[in-house]
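Nothing here was measured: the structure is a model prediction, and the numbers come from that model.
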Amino acid sequence: MPQYQFAIHDRSAEIGSKIEELPGPGEAKVLAVETAGQVLKIVDGSFWADGLLKVVVTDQAGSLICAILINGIDTPAIGTSQQQADGAKNTADTG
């Protein structure tokens, strides 16, 4: 049975990987979705600090089978307008 590598990345680095023997690329894609869900559960609230996760699946030859990109966008605090949040960020950046 072919082997597939599932590499999990955040914005800065690979944070984990596993190799699975599966019948074919279709099953690898199904497992990629399951893996993405598991990773989101594991990182829980810390996901928002980075806002990006990737699950990249390659075959034994290193060819890309699929990639799932999860991009999180955190909203400003409740009761704060986007304009106020942007202003606070700009002040912090220049202060």
Side-chain angles (χ1 to χ4, degrees):
M1 224 181 307
Q3 291 184 341
Y4 297 89
Q5 181 177 15
F6 295 76
I8 300 121
H9 302 262
D10 64 11
R11 192 171 301 280
S12 59
E14 183 177 301
I15 57 175
S17 70
K18 65 181 179 178
I19 295 176
E20 296 284 340
E21 286 189 3
L22 299 165
E27 292 82 3
K29 290 177 182 179
V30 169
L31 188 54
V33 172
E34 292 173 11
T35 301
Q38 292 169 352
V39 170
L40 278 172
K41 286 180 187 177
I42 291 167
V43 298
D44 193 26
S46 65
F47 168 74
W48 295 110
D50 189 78
L52 178 68
L53 287 173
K54 294 189 292 187
V55 177
V56 179
V57 182
T58 54
D59 66 11
Q60 288 173 284
S63 298
L64 179 66
I65 300 301
C66 66
I68 296 176
L69 307 175
I70 304 166
N71 203 2
I73 300 169
D74 199 5
T75 60
I78 295 174
T80 304
S81 71
Q82 183 63 49
Q83 198 170 27
Q84 288 171 319
D86 289 342
K89 181 183 173 194
N90 291 339
T91 303
D93 290 344
T94 59

Where is the tightest heavy-atom contact between [X] and [Y], given as atom of each residue plus distance?
| X | Y | value |
| --- | --- | --- |
| Leu22 | Ala28 | CD1-CA, 3.6 Å |
| Ile65 | Lys29 | O-CE, 3.9 Å |
| Glu14 | Ala7 | OE1-CB, 3.8 Å |
| Ile70 | Ala36 | CD1-CB, 3.9 Å |
| Pro23 | Met1 | N-SD, 3.4 Å |
| Tyr4 | Pro25 | OH-N, 3.3 Å |

- prompt: So do Leu31 and Val57 actually touch side chain to side chain, heavy atoms under 4.5 Å?
  reply: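 No, side chains not in contact.
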
- request: Would you indicate whether the side-chain heavy atoms of Ile15 and Lys54 approach each other to under 4.5 Å?
  value: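 Not touching, per the 4.5 Å side-chain cut-off.
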
- prompt: How long is the span from the CD atom in Gln3 to the CD1 atom in Ile19, to the nearest 0.5 Å?
  reply: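 So the CD of Gln3 and the CD1 of Ile19 are separated by 6.0 Å.
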
- request: Measure the NZ-CD distance between Lys18 and Gln5 for me, rounded to the nearest 0.5 Å.
  value: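 Between atom NZ of Lys18 and atom CD of Gln5 there are 11.5 Å.
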
task: Apply side-chain hydrogen bond (donor to acceptor under 3.5 Å, both in side chains) to Ser63 and list each qualifying residue two or more places apart in sequence or on a separate chain.
output: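 Here no residue qualifies.
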
Are [X] and [Y] joined in one hydrophobic group, where the rule is that I, L, V, M, F, W and Y side chains link up if heavy atoms are under 4.5 Å apart?
| X | Y | result |
| --- | --- | --- |
| Leu53 | Val33 | yes |
| Val43 | Ile8 | yes |
| Leu40 | Val55 | yes |

